[in-house]
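Computed from a prediction, not measured in an experiment: that's the story for all the values here. Numbering starts at 1 and runs along the sequence shown.
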Amino acid sequence: MRVRHPDRPDWGTGQVQSVVGDRITVNFEHAGKVLINAAVVHLDIEDEARR
């Protein structure tokens with residue numbers, strides 16, 4: 001799944017690597033691998049139709 005961080009548009013699109021509970025590991029284009037706490041940050045899902 002492809003996502004974007006709403007507060008970090010400069011990170012670009014990220015690909016979800018794993019989900020364990022509220023922890024989501026995402027590999028972003030311009031920020032690399034980042035661990036996101038889904039209880040705090042709500043990622044925006046990229047619309048596959050736009051790609």
Residues pairing under ring-ring contact (aromatic ring centres under 6.0 Å, His included) where one sits in residues 18-38, two or more places apart or in two chains, turn out to be Trp11-Phe28
For Val16, the side chain to side chain contact (heavy atoms under 4.5 Å, CB included) test, sequence neighbours excluded, returns Met1, Val3, Val19, Ile24, Val26
Sorted by chain and residue number, the side chain to side chain contact (heavy atoms under 4.5 Å, CB included) partners of Asn37 (sequence neighbours excluded) come out as Asp22, Ala39, Val40
Interatomic distance, NE2@His5 vs CG@Asp10, rounded to 0.5 Å, equals 10.0 Å
Separation between CG (Asn27) and CD (Gln15), nearest 0.5 Å, reads 7.5 Å
Sequence neighbours excluded, the answer for side chain to side chain contact (heavy atoms under 4.5 Å, CB included) partners of Glu29 is Thr13
dist His42:NE2 -> Asp7:CG (nearest 0.5 Å) comes out at 10.5 Å
